[in-house]
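One structure is given here, and the rest of the page talks about it.
Here the structure is a predicted model, which means the values were calculated and not measured. Protein chains get the first letters and strands the later ones, always in sequence-line order, with residue 1 at the start of each.
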Protein chains: 4
Amino acid sequence: MPDQIKSKVDDPELVLRRRRQLADAAVELFSARGYHSTTIRDIAEHAEVSIGLIYQYVQDKEDLLFLALLQVLDSYKDQIPLALEGVAEPLERFCTAVRRYCRVNGESVAATVLAYRETKSLRKERRNLIKQKEVETNELIAACIRDCVEAGLFVDVDVEMFTYQIVMFSHAWALKAWRFSQEMDVEEYVDRGLRLMLRGVLTGRGERQLKSARCCGAWEAGA
Amino acid sequence: MPDQIKSKVDDPELVLRRRRQLADAAVELFSARGYHSTTIRDIAEHAEVSIGLIYQYVQDKEDLLFLALLQVLDSYKDQIPLALEGVAEPLERFCTAVRRYCRVNGESVAATVLAYRETKSLRKERRNLIKQKEVETNELIAACIRDCVEAGLFVDVDVEMFTYQIVMFSHAWALKAWRFSQEMDVEEYVDRGLRLMLRGVLTGRGERQLKSARCCGAWEAGA
Amino acid sequence: MPDQIKSKVDDPELVLRRRRQLADAAVELFSARGYHSTTIRDIAEHAEVSIGLIYQYVQDKEDLLFLALLQVLDSYKDQIPLALEGVAEPLERFCTAVRRYCRVNGESVAATVLAYRETKSLRKERRNLIKQKEVETNELIAACIRDCVEAGLFVDVDVEMFTYQIVMFSHAWALKAWRFSQEMDVEEYVDRGLRLMLRGVLTGRGERQLKSARCCGAWEAGA
Amino acid sequence: MPDQIKSKVDDPELVLRRRRQLADAAVELFSARGYHSTTIRDIAEHAEVSIGLIYQYVQDKEDLLFLALLQVLDSYKDQIPLALEGVAEPLERFCTAVRRYCRVNGESVAATVLAYRETKSLRKERRNLIKQKEVETNELIAACIRDCVEAGLFVDVDVEMFTYQIVMFSHAWALKAWRFSQEMDVEEYVDRGLRLMLRGVLTGRGERQLKSARCCGAWEAGA
DNA sequence: TATGAATGAGGTTTCATTCAT
DNA sequence: AATGAATGAAACCTCATTCAT
């Protein structure tokens with residue numbers, strides 16, 4: 001997907017490998033120190049390559065940010081379908097998707113924050129591409145919601161609004177990590193969050209399904 | 001509140017006036033271009049003062065960021081109590097608080113985003129001070145929620161979780177403005193959001209109260 | 001004339017002074033080492049200012065080249081009228097102009113060569129401005145020629161061609177200095193050159209005038 | 001002739017072929033963009049070889065410049081004798097030589113300018129070698145002049161001076177192309193130039209010879 | 001108190017050259 | 001003989017900060 005970035009190196013496989021190497025270093029450093037406070041030299045050292053090498057695979061520093069953000073966003077988009085494989089029951093799919101999304105965010109809090117902080121440093125065209133990725137990820141959640149509605153497990157909810165509620169809930173774990181992470185872990189966070197949010201959308205059938213299937217992890221004394 | 005920032009000027013009133021002048025310029029420019037891409041010269045020109053003058057009231061660039069963020073955060077904390085003045089009924093207070101919070105965010109989307117983007121550029125001690133401000137604002141919302149619970153209008157909800165749900169909902173209007181603002185305005189956003197979120201927390205009494213009081217703006221066919 | 005170059009300093013007199021200072025250093029170094037081989041640091045050191053200062057008065061390195069070339073070209077355009085002050089007789093004016101032009105070139109061989117070498121490094125708009133200056137200088141020579149023709153001292157010569165012959169003759173002293181300067185000095189160069197070139201254009205009257213007036217320096221055994 | 005440049009390849013014929021290939025690319029690019037603005041990569045691409053290959057036949061970038069300049073200078077030196085083949089009459093030989101020299105310059109204006117611009121970028125030893133080449137070319141013209149003098153067609157002119165007048169006249173077509181080429185073509189340039197310059201040197205016999213032989217192209221209403 | 005010219009460390013980027021294949 | 005990925009010194013330029021006025 002990192003097309004459109006021009007490289008001075010021909011071998012496409014090498015380009016892919018090097019770019020991943022650079023993106024890894026970039027995600028780590030940009031996340032930790034921010035885009036502007038990280039120097040190209042920092043990245044070169046962290047990736048254990050020379051400064052010159054970077055400019056064989058990338059045209060400027062902004063390209064590195066783009067590469068880093070793409071890597072983060074893609075990892076989100078890839079994880080959810082992976083988690084849903086083999087899960088059929090709609091409510092379970094929904095809970096699984098949310099849980100996985102939160103976990104991914106939780107594992108790379110810094111990267112999620114990076115996306116929020118630095119997307120604006122990209123030029124418009126690329127900013128839009130990044131937003132497009134986010135929309136695609138959101139759609140994975142929205143689909144789960146729609147399935148639950150169709151299966152009569154959710155009331156006829158405002159899908160768009162509910163999707164964003166879920167998304168923001170997930171991101172909040174990263175954005176407000178300083179607040180939450182000292183009180184609970186991701187699992188508890190998801191449990192408490194789902195309990196709160198599901199209450200507003202479950203039908204009677206949905207509630208029964210939820211209890212019988214115990215689909216969403218620790219659900220001892222549900223609502 | 002802008003204590004701890006050392007000034008070379010004695011007259012405390014002048015210091016206050018100048019700092020507001022600088023903070024205004026800083027909020028505007030940092031919001032528009034980001035902290036690192038804004039130069040001291042930019043701010044001097046925008047505030048119509050000399051570069052030298054800035055350093056009479058501020059020790060370094062980070063001080064300006066701190067000033068700017070304080071200004072933004074304070075405006076949030078001031079607006080909610082103002083809106084609640086004269087409103088007594090708990091559910092109405094809750095709705096009013098949420099509505100006002102969203103509106104403030106809506107009016108200065110850029111400033112809200114600024115807080116998310118650049119807080120990390122502050123040194124830890126100040127970052128904590130900013131977070132403290134946010135917690136104080138959140139507490140205003142949390143209080144409204146607790147009142148509703150005590151009045152039997154809300155079920156015995158997870159107050160902390162619900163507070164953050166509200167807060168993130170409000171911030172989302174700013175953070176995802178690119179998505180929402182082309183489909184609806186703040187008012188519709190709040191209505192749709194409240195409808196969704198309230199469904200999960202209202203008691204029977206709460207629901208009746210909501211309908212009778214029509215406290216929360218356009219509420220055609222509520223839950 | 002160094003307008004259109006934007007400065008970050010307001011005081012126009014200071015701007016003028018600093019720019020002359022920078023141009024002096026630039027002419028010297030660019031002449032000696034060439035434009036590309038001279039670094040900004042070199043110029044800063046030679047002008048005894050900081051690197052930063054340069055960028056207060058100039059936007060980039062090309063501006064320095066422009067400044068340098070303007071300075072060189074202007075000195076040419078200024079010297080000829082100065083030398084002609086008080087000289088009335090047309091043939092004498094012609095000889096004086098040529099002599100002075102060669103001398104100016106001779107005094108700053110390196111600068112003349114600079115104009116030939118580096119004008120192409122300017123962007124088109126400025127390159128044209130430089131060419132315009134040259135045309136203006138040439139016109140000073142052309143006017144002397146026309147006066148001689150009108151006074152019946154020169155035959156009805158191809159003025160444009162003759163002007164360029166004179167100009168190239170003058171520049172040749174600089175461009176081919178490596179060849180000439182080890183055999184003669186400027187004065188001899190001018191004498192020999194004028195003798196050759198005048199032979200083709202003088203009328204009978206012109207020849208007599210030339211001898212009687214001995215206007216053109218050492219003119220022992222004229223044509 | 002490109003001796004003294006060390007090559008890592010043994011086969012002398014291959015060396016010659018490759019070096020011509022590189023010199024062609026170098027002349028073209030150095031002429032168009034200048035020496036310093038042309039990268040080795042540019043030349044490799046233009047010559048359709050790899051960067052590494054260049055360094056098999058050349059030690060550094062300056063070698064390429066040397067190669068390029070040699071190629072240009074040699075073409076000058078070769079063309080004149082070629083044009084003079086079969087021409088016997090001294091005045092005709094002179095005119096033919098001048099005409100051909102101007103034409104060669106006219107056909108590769110950029111290359112001529114290259115010689116003026118970039119010779120200084122060579123190290124002294126090589127710069128002298130280039131100058132030597134120029135002197136040799138000049139000698140071809142000087143010989144023609146001397147023949148005319150000996151044949152009583154030219155007065156006892158200052159040969160060295162006149163030679164340089166011719167040379168500079170020829171180069172001027174390239175150096176001042178921006179001025180001349182929009183008013184006339186090379187042929188007209190030579191005609192007008194020769195008419196002017198010959199007037200000063202022709203004897204009575206020379207004039208008659210010129211008219212009778214019409215040796216120098218379009219010579220309608222000569223001196 | 002206010003100004004703005006001056007400073008220079010440090011950032012990004014380029015590109016001639018090397019060397020393992 | 002030919003390739004081209006890798007290197008890193010060195011260039012240009014920015015901008016936070018100081019200080020004499």
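- The shortest side-chain heavy-atom distance between C:Ser37 and D:His36 falls under the 4.5 Å cut-off.
- Side-chain contact between D:Tyr57 and D:Ile5 is absent, with no heavy-atom pair separated by less than 4.5 Å.
- Residue-to-nucleotide proximity on DNA chain E shows that, of B:Arg17 and A:Tyr55, the 5′-proximal contact is made by B:Arg17.
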Base-pairing string, 5' to 3', of DNA chain E - Watson-Crick or wobble, under 3.5 Å, | interstrand: .||||||||||||||||||||
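- Read 5' to 3', the first and last nucleotides of DNA chain F with an atom closer than 4.0 Å to a heavy atom of chain D are F:dA1 to F:dG4.
- At a threshold of 4.5 Å between non-hydrogen side-chain atoms, the residues C:Ser7 and C:Gln59 do not count as touching.
- In this structure D:Arg20 satisfies the salt bridge (charged side-chain N to carboxylate O under 4.0 Å, His left out) test with no other residue, sequence neighbours excluded.
- Using a 4.0 Å heavy-atom cutoff across all strands shown, B:Thr38 reaches sugar-phosphate atoms only and no base atom.
- Between the side chain of B:Thr119 and the backbone N or O of B:Tyr116 there is no donor-acceptor pair closer than 3.5 Å.
- Annotation: cation-pi geometry not satisfied between C:Lys61 and C:Tyr55 (NZ/CZ under 6.0 angstrom from ring centroid, within 45° of ring axis).
- Between the C1' atom of E:dT7 and the CZ atom of C:Arg18 lies a distance of 12 Å, rounded to the nearest Å.
- Residue A:Glu62 contributes atom CD, which lies 15 Å from atom C1' of E:dT13 at whole-angstrom precision.
- Computed from coordinates, the C:Leu14 CG to E:dT3 P distance equals 18 Å when rounded to whole Å.
- Between C:Tyr57 and A:His36, the one whose closest nucleotide on DNA chain E sits nearer the 5' end is C:Tyr57.
- For the pair C:Arg126 and C:Phe66, the cation-pi criterion (under 6.0 Å, within 45° of the ring axis) is fulfilled.
- For the pair A:Asp42 and A:Thr39, the minimum side-chain heavy-atom distance is below 4.5 Å.
- What separates NZ of A:Lys61 from C1' of E:dT14 is a distance of 17 Å, to the nearest Å.
- Residues A:Glu48 and B:Ser37 each lie close to DNA chain F; by heavy-atom proximity, the contact nearer the 5' end of the strand is made by A:Glu48.
- Rounded to an integer number of Å, the gap from CD of C:Glu45 to C1' of E:dG8 is 12 Å.
- C:Ile54 comes within 4.0 angstrom of nothing in the nucleic acid, heavy atoms only.
- B:Asp11 comes within contact range of no nucleotide atom at all, as no heavy-atom separation falls under 4.0 Å.
- Note on C:Ile40: only backbone sugar-phosphate atoms sit closer than 4.0 angstrom, heavy atoms only; bases stay farther off.
- Annotation for A:Lys120: atom NZ counts as buried by contact number, over 12 foreign heavy atoms lying within 6.0 Å.
- Atom NZ in A:Lys8 sits about 11 Å away from atom P in E:dA16, given to the nearest Å.
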